[in-house]
Amino acid sequence: MGLIPKLPAPVSVPALSDLQRRVLTTAAPSAGASDVVDPLMPIRADKLHQMGFNDAAMGLSSAVPAASGPMDPQEAVEKALLANDTGYACQQVDSLQARPEAPSLFVQRAAIYCQIMRKQNDPASLGLDLLRERNDPDPATRDFIALAALANGETKRVPKSVAIPDPLNVALMKTVGMPAPNAIGAAPVVPVGAGGSVMIARDATRPLLQRVAAAEQAFKFGLIPDRELGDLYMQMPSGIADPATAIGMSDTVELRAQLYQAAYRGGAPAPKARAIDAALKKARQRGDYLNQAQLFGPLARDIAPVRELGWFAPEAARLMFVTGQADKGGYWLNTVAANPGIFTMPGEKEGLDLLGRIAGLPGGGDPVAAWAQASGTTNPRIDLFYALLAGLNQPVTSAVAGGFQAAPIIPLGSPSAEIVAAAAGKRRGEAIVLSLVGLGGDRAIAADPATLGAALRSIADLGLAEDSRRIASEIAALAGL
């Protein structure tokens with residue numbers, strides 16, 4: 001209860017955001033939970049909301065009995081509809097239909113709405129016929145029948161007006177492309193925070209450019225999948241962006257969409273590689289590399305490492321290392337082993353060797369010292385890189401540190417010592433939350449090296465070795481490798 005509020009939020013480092021979300025949404029009860037109340041539920045829901053995971057937060061909140069009783073089922077459906085979360089709304093409707101009592105008029109209307117959304121046109125038509133037979137004088141129901149018939153393809157007649165814009169009718173108005181007012185009986189939903197970007201991105205009534213910009217923000221915080229952002233990019237007008245000159249062009253939503261389109265439609269490996277290379281270089285310029293790596297990684301995996309694409313090898317190797325394809329990243333480095341002139345910056349090759357080692361490639365010696373010597377600079381990140389290797393149980397004897405083991409010292413009573421003690425005691429939730437707090441989310445490259453090493457090692461010792469390596473790889477890329 002004391003640690004969860006200290007978790008960073010929102011978090012844009014993909015591996016850290018993913019692990020933190022999974023911890024907060026776990027089905028495992030807390031130590032203080034009873035059959036009726038889990039005291040961590042509202043605290044977890046609040047942190048999820050801060051991270052932007054409003055749907056997950058709503059799911060936890062609805063599972064917590066309030067002092068005045070649980071949320072009214074109709075209210076839960078309406079709130080989900082107002083948040084443009086059709087999936088969750090229809091899950092609640094399914095639960096209401098499964099109850100033994102006869103469904104209310106609201107449930108009947110909501111069931112028809114969900115059938116339309118699921119393309120179950122025949123059952124929806126049958127339900128509408130039953131509603132018409134009732135000849136209900138309720139104006140909200142009459143509006144619903146007109147809107148649902150249009151949405152279900154039974155008519156092309158668009159209602160001139162909607163007298164009762166309740167949440168169900170407003171949702172249907174959005175579906176058929178009518179201007180949707182604020183729902184009666186509900187406060188206007190104003191998209192705010194990271195979670196608000198999801199609402200904007202999924203609101204088909206908004207301009208496409210606004211939706212794409214919001215989707216980029218949502219994707220940055222792990223709130224939508226890469227496919228959803230990619231689909232919106234593909235809806236943008238095709239442009240004439242040349243990957244060869246894109247690095248010098250203004251970094252706009254339109255340019256980013258055009259580069260994604262070029263990579264997606266590239267066909268031959270070389271054009272696809274040029275678009276991916278340009279997009280990732282632009283991403284590093286604006287400090288958004290890790291998220292764009294998640295977007296372009298799937299598109300790059302089909303490109304075979306060949307000598308003809310040697311110019312693409314440094315970017316491809318880095319991309320593979322950061323997205324969990326260490327072996328393929330190693331193949332890309334091997335394609336230019338005989339042509340080191342491909343690397344244009346001092347220490348770039350050694351930096352990628354070090355990143356590959358962190359990502360899981362085998363190796364020996366001291367890759368940190370090799371990189372430091374080749375780059376020719378006194379880099380403040382040296383301790384960080386040694387901590388990453390130590391956290392992955394790959395400590396090395398450091399030439400930079402005078403021949404001593406280059407692993408951070410863990411002082412008694414320190415945050416790193418608390419992490420180690422919790423992991424050793426198999427206090428899984430406590431150890432992971434302590435680790436995430438110590439890593440600091442988007443400030444992970446500024447974490448204390450001892451805390452960084454202890455967190456990575458403890459996460460791995462608790463059965464999450466893949467998460468530990470993924471976190472380490474992303475931190476290394478953030479730090480400049």
Side-chain angles (χ1 to χ4, degrees), residues 14 242-248 251 259-260 262-263 266 268-363 365 367-377 379 381 384-385 388 445 469-470 472-481:
D242 180 0
T245 59
I247 197 68
D251 193 1
L259 288 174
Y260 181 84
K272 184 184 291 256
R274 289 191 192 96
I276 294 172
D277 185 71
L280 293 178
K281 283 183 168 63
K282 296 295 286 186
R284 278 206 304 282
Q285 284 183 342
R286 67 175 178 271
D288 190 32
Y289 176 78
L290 290 179
N291 301 102
Q292 292 299 293
Q294 306 304 313
L295 181 66
F296 285 95
L299 301 181
R301 286 171 195 157
D302 295 333
I303 302 176
V306 293
R307 290 184 61 85
E308 291 75 13
L309 295 177
W311 55 269
F312 181 52
E315 197 62 73
R318 182 181 294 107
L319 179 59
M320 294 298 103
F321 290 147
V322 168
T323 55
Q325 304 286 316
D327 289 344
K328 193 162 187 179
Y331 296 151
W332 275 109
L333 287 187
N334 289 338
T335 63
V336 292
N339 186 13
I342 290 294
F343 298 98
T344 58
M345 299 181 63
E348 185 178 10
K349 168 65 165 62
E350 290 75 12
L352 286 174
D353 287 338
L354 172 54
L355 180 58
R357 178 81 170 268
I358 292 169
L361 289 183
V368 180
W371 164 78
Q373 182 178 3
S375 60
T377 60
N379 195 300
R381 306 295 186 203
L384 179 143
F385 294 139
L388 292 176
I445 60 173
R469 189 170 297 281
R470 183 181 168 204
S473 301
E474 292 184 0
I475 292 175
L478 277 179
L481 295 184

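Note that the numbering runs from 1 along the sequence shown for the chain.
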Determine the minimum heavy-atom distance between [X] and [Y], stating which atoms define it.
X      : Y      : answer
Leu361 : Gly330 : CD1-CA, 3.9 Å
Val368 : Leu354 : CG2-CD1, 4.0 Å
Thr323 : Gly297 : CG2-CA, 4.4 Å
Ala359 : Ser473 : CA-OG, 3.4 Å
Leu388 : Ala472 : CD1-O, 3.8 Å
Pro305 : Tyr331 : CG-CB, 3.9 Å

For residues 308-321, tabulate all N or O donor-acceptor pairs below 3.5 Å that involve a side-chain atom, not counting sequence neighbours.
{"unit_1": "Glu315", "atom_1": "OE1", "unit_2": "Arg284", "atom_2": "NH1", "d": "2.9"}
{"unit_1": "Glu315", "atom_1": "OE1", "unit_2": "Arg284", "atom_2": "NH2", "d": "3.1"}
{"unit_1": "Glu315", "atom_1": "OE2", "unit_2": "Arg284", "atom_2": "NH1", "d": "2.8"}
{"unit_1": "Glu315", "atom_1": "OE2", "unit_2": "Arg318", "atom_2": "NH1", "d": "3.4"}
{"unit_1": "Arg318", "atom_1": "NE", "unit_2": "Leu481", "atom_2": "O", "d": "3.3"}

To the nearest 0.5 Å, tell me how far [X] [atom1] sits from [Y] [atom2].
X      : Y      : atom1 : atom2 : value
Leu295 : Leu280 : CG    : CG    : 9.0 Å
Leu299 : Lys272 : CG    : NZ    : 5.5 Å
Leu352 : Trp371 : CG    : CH2   : 12.0 Å
Gln292 : Lys282 : CD    : NZ    : 12.0 Å

Asp251: which residues meet the side chain to side chain donor-acceptor pair (under 3.5 Å) condition with it, sequence neighbours left out?
Arg256, Arg286
Name all residues meeting the side chain to side chain donor-acceptor pair (under 3.5 Å) criterion together with Asn291; count only those two or more places apart in sequence or in a different chain, and write none if there are none.
none
Partner set under side chain to side chain contact (heavy atoms under 4.5 Å, CB included) for Ala279, not counting sequence neighbours
Leu259, Phe296
Once side chain to side chain contact (heavy atoms under 4.5 Å, CB included) is applied, do any residues pair with Arg470, and if so which ones, sequence neighbours excluded?
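By the side chain to side chain contact (heavy atoms under 4.5 Å, CB included) rule, Arg470 matches Pro14, Ala15, Asp18, Gln294, Glu474.
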State whether Asp353 and Arg357 are salt-bridged, where the test is any N-O pair (Lys NZ or Arg NE/NH1/NH2 against Asp/Glu carboxylate O) under 4.0 Å.
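Looking at Asp353 and Arg357, the cut-off is not met.
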With side chains defined as the heavy atoms from C-beta onward, is the minimum distance between Ile475 and Leu384 less than 4.5 Å?
yes
